[in-house]
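See below for the structure under consideration.
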Amino acid sequence: MGASLPTLQIPDLPLPIYDDALLCADTVHVYENESRDAISRVANRLASVNAPTTGPTPQQLKARIDLVDLHRPLGSTQDSFTELNELYFNDAVYFHDPKYAAHLNCPVVIPAVAAENFVTSINTSMDTFDQSAGATLIERKLIEFTAELIGFEAGQADGIFTSGGTQSNLQAMLIARNTATAKLRGTLPERLANLRIYCSEDAHFSIRNAAMLLGLGYDAAVSIPTDAQHRMDIQALRVQLDADRAAGLVPMAISATSGNTDFGAIDPLPQLRAIATEVGAWFHVDAAYGCGLLASSSHRHRLDGIEQADSVTVDYHKSFFQPIGSSALVVRSAASMESIAHYAEYLNPRAEADATPNQVAKSLQTTRRFDALKLWVTLRSLGAQRLGDMFDQVIALAEDAQQEVAMRAQLHMAADVQLSTLVFSFEDPQHPLDLAEHNALANQIRQRLYSSGEAMIAATTVKGKRLLKLTLLNPNTTLADISEILDAICSIGSGILAERTLGEKK
Ligand SMILES: *Cc1c(COP(=O)(O)O)cnc(C)c1O
């Protein structure tokens, strides 16, 4: 990698004549040819990739991308694809590789990928029925289906597809804020100033971000300590709530995480529901990661209590094996969506609201992709149970992987596996390190593993200590793959420690 320098060929051509640019009845043969070419390039690539990354540096890739002159088009899609070999395909991060174990990215199911062709080619926009027709009803049926999996009452729930968990959480907090402010008196700034959101210290940052975007300020999202398994500590929440309410603050929402990003921990949903009711707060469940449990035949009970939520975030693009983006916010009561509804005369006049199913009033987006189609085709071809089985498989793999960690004297789990992540430290008893040295070593191990291209892992920091993390979402990954990743970590870690010892002796 290190030696390969940018080698882009930039032909000195006049601007090309490109008659068949627009997809229409006369150009479908062009569309077919170019799409076939794209598909065969992807197929060849996926068939030949044997590592999650080549370990490129940002500088290497920037140097190549800098050479591209966007003022001078190449004149053909094919040439543009070929140019992309060096800019993107050769060094892309391939999530389907069994040794990709870094972030919450899943390999994607084929029916969904195939369906993507329809999403972009027909290019339906989901804002109004008159732009989407059947698509709107398909999306609505998928929301009903998800609501049913959650356990919401039939005919009561509603929801909307979103770009991801971040947007779903923002919308949930927006609805919660509007619900809370409607009950308060005073000017809007006065009402907003006292609102508080309670989530665990391991909750996703998008909750805190939502507090900022909604005009409440970052600090309006109060982090509640967690127990040893990284679940929100109920007692600590009660103490905080008592103090805050005594100070005149208003609990706007309790946001439980089911499946937190680092540890997969599931906050105690029934207890949190009860507390939310007690203090009059909105109860949101961020199941962006753990939503796969909804389709699981072995582990569905772990989400017991989710049916009592006021709103739920699901990321189908995490544990339903869907391509990005595919997410939804589902609410227990359709009426709660009304607080964000907006009616534009040119698009979805209020007068027509009952007669025409327009999704735009429920969405933070206007023009919006028909992402729901990917999930639809997946459910119609594979079924939800198959997805649940795949998620069960990665949960079982993570549990077995914990045994593999335990077998290695240098690796120490930071907490038991709860879903499909493993968080652990590399610590060699022969080489005691202070915290700063330990953290630097953890970063070095991860960086060297990345540069080697053998595997990709993540890292996180808990109470100041840098930890290594595997996120497993690939049912094709085997215990042997995990074992090799762990061996590579130990060997890189030992190697760095040996280099240090040598350096000290010199
Ligand atoms: C990934 C994640 C999010 C954010 O979802 P995006 O789809 O990345 O926007 C929110 N909450 C949790 C718990 C997550 O794991």
Side-chain angles (χ1 to χ4, degrees), residues 1-100 102-103 105-108 110 112-123 163-164 317 322-326 367 369-371 374 447 450-456:
M1 261 323 307
S4 74
L5 285 168
T7 56
L8 280 180
Q9 301 296 315
I10 300 178
D12 199 7
L13 294 172
L15 283 185
I17 298 161
Y18 200 154
D19 288 333
D20 298 327
L22 291 173
L23 177 53
C24 63
D26 292 340
T27 59
V28 286
H29 59 288
V30 179
Y31 162 73
E32 262 194 272
N33 283 339
E34 297 193 350
S35 299
R36 272 184 222 286
D37 180 27
I39 289 168
S40 71
R41 283 171 194 259
V42 175
N44 289 336
R45 184 65 64 170
L46 296 193
S48 63
V49 158
N50 54 15
T53 179
T54 59
T57 65
Q59 293 78 6
Q60 286 170 324
L61 294 177
K62 184 170 188 303
R64 289 185 228 158
I65 287 170
D66 280 350
L67 288 181
V68 175
D69 182 355
L70 287 174
H71 294 289
R72 289 204 282 166
L74 297 169
S76 83
T77 308
Q78 224 174 11
D79 287 346
S80 163
F81 287 167
T82 301
E83 179 184 69
L84 280 171
N85 283 332
E86 285 190 37
L87 303 181
Y88 175 48
F89 303 138
N90 291 349
D91 305 292
V93 176
Y94 289 98
F95 299 151
H96 72 289
D97 187 274
K99 286 191 181 161
Y100 178 83
H103 303 289
N105 306 108
C106 55
V108 289
I110 295 169
V113 179
E116 177 75 52
N117 281 302
F118 300 117
V119 179
T120 46
S121 310
I122 301 175
N123 202 28
S163 60
H317 63 215
Q322 294 298 296
I324 303 160
S326 185
T367 304
R369 283 167 52 92
F370 183 22
D371 282 314
K374 297 175 289 187
Q447 182 58 42
Y450 169 79
S451 302
S452 78
E454 178 173 355
M456 279 185 76

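- Interatomic distance, CZ of Arg64 versus CG of Asn90, reported as 7.0 Å (0.5 Å rounding).
- To the nearest 0.5 Å, the span separating CG on Leu87 from CG on Leu61 amounts to 8.5 Å.
- The local environment of CZ in Phe95 is crowded, with over 12 non-hydrogen atoms from other residues, nucleotides or ligands closer than 6.0 Å.
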Apply side chain to side chain contact (heavy atoms under 4.5 Å, CB included) to Glu34 and Asp20, showing your working.
-> CA-CA 11 Å; Glu34 297 193 350; Asp20 298 327; over 6 Å; no
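- Atom NZ of residue Lys99 and atom OG1 of residue Thr53 lie 14.0 Å apart, to the nearest 0.5 angstrom.
- Under the 3.5 Å distance criterion, the side-chain polar atoms of Ser35 are left unmatched by any main-chain donor or acceptor of Glu32.
- Pairing each heavy atom of Gly453 with each of Ala51, the nearest pair is O-CB, 3.2 Å.
- In terms of heavy-atom proximity, Pro107 sits nearest to His96 at CB-CA, 4.1 Å.
- For the atom pair Leu23 CG and Asn123 CG, the distance stands at 9.5 Å (nearest 0.5 Å).
- Within a 6.0 Å radius of CG in Leu46, more than 12 heavy atoms belonging to other residues, nucleotides or ligands are found.
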Test Glu116 against Arg369 for salt bridge (charged side-chain N to carboxylate O under 4.0 Å, His left out), laying out the working first.
-> CA-CA 10 Å; Glu116 177 75 52; Arg369 283 167 52 92; 2.6 Å; yes
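- In this structure, Asn44 contributes its side chain and Ser40 its backbone to a donor-acceptor pair below 3.5 Å.
- Closest approach of Asn50 and Asp97 over heavy atoms only: C-OD2, 3.4 Å.
- Between Glu86 and Leu67, the closest side-chain pair of non-hydrogen atoms is not below 4.5 Å.
- A distance of 14.5 Å separates OH of Tyr31 from CG of Leu22, quoted to the nearest 0.5 Å.
- Note that OG1 of Thr77 is 11.0 Å distant from CG of Leu84, once rounded to the nearest 0.5 Å.
- Residues Arg45 and Asn85 meet the side-chain proximity criterion, which asks for heavy atoms closer than 4.5 Å.
- For the pair Lys374 and Gly325, the tightest heavy-atom approach, listed with the atom from each and the gap, is NZ-O, 3.2 Å.
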Decide yes or no on side-chain hydrogen bond (donor to acceptor under 3.5 Å, both in side chains) for Ser326 and Asp371, but give the supporting numbers first.
-> CA-CA 6 Å; Ser326 185; Asp371 282 314; over 6 Å; no
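- Considering only heavy atoms from C-beta on, Phe81 stays 4.5 Å or farther from Tyr88 through its side chain.
- Nearest heavy atom pair, residue Tyr450 against residue Pro56, reads OH-O, 2.7 Å.
- When all heavy atoms of His317 and Gly164 are compared, the closest pair comes out as CE1-CA, 3.7 Å.
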